[in-house]
Amino acid sequence: MSSLPRGQPTNGEILRALWPTAETVMPADVELPANVDLPASAVRQAIRRKLLTWYDRNKRDLPWRRRVGDGYATWVSEIMLQQTQVETVIPYFERFMTRFPTVRALARATDDQLLAHWQGLGYYRRAANLHKAARMVAGNGGSLPDTVDGLLKLPGVGRYTAGAIASIAFDRRAAVVDGNVMRVFARLFEIDDDIADARTQKRFWVLAEELLPRGRCGDFNQAIMDLGATVCTPTGPQCPACPLRNHCVAYENGDPARLPVRKRARVVPEIGHVVAMIRRGDSFLMTKRPPGGLWSGLWEFPNTVVENSESPETALERVLKQLKIPKPKSIEPIGRVTHRLTHRLMHFDLFEISANSKQVGVVAKWTRPGKVGISTACKRMLTKLRMVNS
DNA sequence: AACTCGGGGTG
DNA sequence: CACCCAGAGTT
């Protein structure tokens, strides 16, 4: 418990339920949870002012922030930023905007062209949805919807992204709740309920709507997210540098880093694969992943899951049979690549196969991996092959 | 409400 | 290693 000198009361002292005032607009589907505490009007005002002042002095210089009012750029950046950190996104965003400078350019692109620019970024369904949405927008005159409701109709745009685009690009009065906002609010108001719970999420949205200023909503939203990314970080928050420390209940109570609270992740299944790497010059025999699932639309080396009941050899025979290469000239084990995803641990046992090109059927295509989109796992398989061959 | 869907950064 | 990240869509 800190005894911090301060000129203003904290939320802990002032908290009381204030229900919708004339200055706020509540979404129709939000009902007030019985236990939600809203800060008093004066505290809300102080939080807005301090956050915006802090943002004016400390905001990060990000490529998409240099395109003020550009809905397309904001849209692309927000899709890329879903579950992906800013530093990872920056180079992808630059390349993407150079290659697809307008909605129409994106709408004209092929799946493979698009995925070649998305490869390595993950969550490839985002690219498919963005592509589909770009065609919707292009077919509708080429201008992006500028309201939350309009944006929500686009595939891949949910409540967060619609609020972000509407407020940042179009200066609409819309709130956002993302991982940063939840962390900042959980600490600011000392909310220790599971943040995955629907009621808790509803509570975050209520707070976000309530705290929204009349103007500069886009800056306000970005301010909370910048604060969460640079000061109110998951571990080791820099509370002395925080403009909201005098209002932060968790700081007052001494342990903001324990928040937010989330349920423990479950154990991930472990899955084995065998992979056939068949090279001819710079090209490899590759197959395209089916739409919808993991690595959707990316290219990969022919492979199969090794079932529990079978040996790797049997599984590899299955792959070669599908490729119409039942008896290759040679099969050379190269080694193993292990790839961890959020919900899966994958092993790939690699085999370099030599075969006459006449043996090759039409199941797979000769492709240069640099030309089409491949997963990071496949990229690591290539690295492994080069290591073995050098 | 629980799953799926990537990959990288962090302590 | 475990946890987290400018979440959305499906079941």
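These figures come from a predicted structure and were not determined experimentally. Naming convention: chains lettered A, B, ... in sequence-line order (proteins, then strands); numbering from 1 in each chain.
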Quick one, A:M182 and A:V177 - any side-chain contact, counting heavy atoms below 4.5 Å?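 Yes, at least one pair of side-chain atoms sits under 4.5 Å.
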Tell me: [atom1] of [X] to [atom2] of [N], nearest whole Å?
{"X": "A:H339", "N": "B:dC5", "atom1": "NE2", "atom2": "C1'", "answer": "12 Å"}
{"X": "A:M182", "N": "C:dC4", "atom1": "CE", "atom2": "P", "answer": "11 Å"}
{"X": "A:I90", "N": "B:dG9", "atom1": "CD1", "atom2": "P", "answer": "13 Å"}
{"X": "A:R60", "N": "C:dC5", "atom1": "CZ", "atom2": "C1'", "answer": "11 Å"}
{"X": "A:L345", "N": "B:dG6", "atom1": "CG", "atom2": "C1'", "answer": "14 Å"}
{"X": "A:K379", "N": "B:dG8", "atom1": "NZ", "atom2": "C1'", "answer": "13 Å"}
{"X": "A:H343", "N": "B:dC3", "atom1": "NE2", "atom2": "C1'", "answer": "9 Å"}
{"X": "A:W118", "N": "B:dG6", "atom1": "CH2", "atom2": "C1'", "answer": "12 Å"}

Atom [atom1], compared across [N] and [M]: separation rounded to whole Å:
{"N": "C:dA6", "M": "B:dG11", "atom1": "P", "answer": "14 Å"}
{"N": "C:dT10", "M": "B:dG7", "atom1": "C1'", "answer": "22 Å"}
{"N": "B:dG8", "M": "C:dG9", "atom1": "P", "answer": "24 Å"}
{"N": "C:dC5", "M": "B:dG6", "atom1": "C1'", "answer": "12 Å"}
{"N": "C:dA8", "M": "B:dG9", "atom1": "C1'", "answer": "23 Å"}

Residue closer to the 5' end of DNA chain B, A:G293 versus A:D197 (nearest nucleotide):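 Final value for this comparison: A:D197.
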Take A:S296 and A:E87, find for each the nucleotide of DNA chain B with the closest heavy atom, and name the residue whose nucleotide sits nearer the 5' end.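 Here A:S296 is the residue nearer the 5' end.
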Please determine whether a side-chain nitrogen of the Lys or Arg among [X] and [Y] lies less than 4.0 Å from a carboxylate oxygen of the Asp or Glu.
{"X": "A:K288", "Y": "A:E300", "result": "no"}
{"X": "A:D194", "Y": "A:R199", "result": "no"}
{"X": "A:D112", "Y": "A:K371", "result": "no"}

Between C:dA2 and A:R262, is there an OP1 or OP2 to side-chain N/O distance shorter than 4.0 Å?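 So the side-chain polar atoms of A:R262 never come under 4.0 Å of the phosphate oxygens OP1 or OP2 of C:dA2.
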Is the phosphate of B:dG7, meaning OP1 or OP2, less than 4.0 Å from a side-chain N or O of A:W295?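 Yes, because at least one side-chain N or O of A:W295 sits under 4.0 Å from OP1 or OP2 of B:dG7.
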Looking at every strand, decide which applies to [X] at a 4.0 Å heavy-atom threshold: base, sugar-phosphate, or nothing.
{"X": "A:G120", "value": "sugar-phosphate"}
{"X": "A:D194", "value": "nothing"}
{"X": "A:A196", "value": "nothing"}
{"X": "A:I79", "value": "nothing"}

Here's a test of your reading of the structure: between A:R340 and A:R65, which maps to the more 5' nucleotide of DNA chain C?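 Here A:R340 is the residue nearer the 5' end.
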Pairwise N/O distances under 3.5 Å, protein to nucleotides 7-9 of chain C:
from, atom 1, to, atom 2, distance (Å)
C:dG7, OP1, A:G179, N, 3.3
C:dG7, OP2, A:Q83, N, 2.6
C:dG7, OP2, A:Q83, NE2, 3.2
C:dG7, O5', A:Q83, N, 3.3
C:dA8, OP1, A:G158, N, 2.9
C:dA8, OP1, A:G158, O, 3.4
C:dA8, OP1, A:T161, N, 3.0
C:dA8, OP1, A:T161, OG1, 2.7
C:dA8, N3, A:R125, NH2, 3.1
C:dG9, OP1, A:G156, N, 2.3

Not counting sequence neighbours, which residues clear side-chain hydrogen bond (donor to acceptor under 3.5 Å, both in side chains) with A:R216? List them please.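 Counting only residues at least two positions away or on another chain, A:R216 forms a side-chain hydrogen bond (donor to acceptor under 3.5 Å, both in side chains) with A:D56, A:D219.
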Hey, does the side-chain of [X] have a donor or acceptor N/O within less than 3.5 Å of a partner on the base of [N]?
{"X": "A:R199", "N": "B:dA1", "result": "no"}
{"X": "A:T88", "N": "B:dG9", "result": "no"}
{"X": "A:T376", "N": "B:dG7", "result": "no"}

With under 30° as parallel and over 60° as perpendicular, where do the rings of A:H117 and A:F100 fit, or are they tilted in between?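 A:H117 and A:F100: perpendicular rings.
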For a ring-ring contact (aromatic ring centres under 6.0 Å, His included) check, start with the C-alpha distance between A:W118 and A:Y92, then their side-chain angles and the critical distance, and finish with the verdict. CA-CA 7 Å; A:W118 205 275; A:Y92 281 91; 7.7 Å; no
Sorted by first residue and then second, give each side chain to side chain donor-acceptor pair (under 3.5 Å) pair with at least one member in residues 132-142 of chain A; sequence neighbours left out.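 Output for this query lists A:H131-A:R135.
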Which of the following nucleotides, B:dG7, B:dC5, C:dA6, is nearest to the side chain of A:S375?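 Selected nucleotide (nearest to the side chain): B:dG7.
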A:R344, nearest nucleotide to its side chain (from C:dA6, B:dG6, B:dT4):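 Comparing C:dA6, B:dG6, B:dT4 against the side chain of A:R344, the answer is B:dT4.
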Taking the six-membered ring of A:W205, is the NZ or CZ of A:R159 close enough (under 6.0 Å from the centre) and on axis enough (within 45°)?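 Yes, A:R159 lies over the aromatic ring of A:W205.
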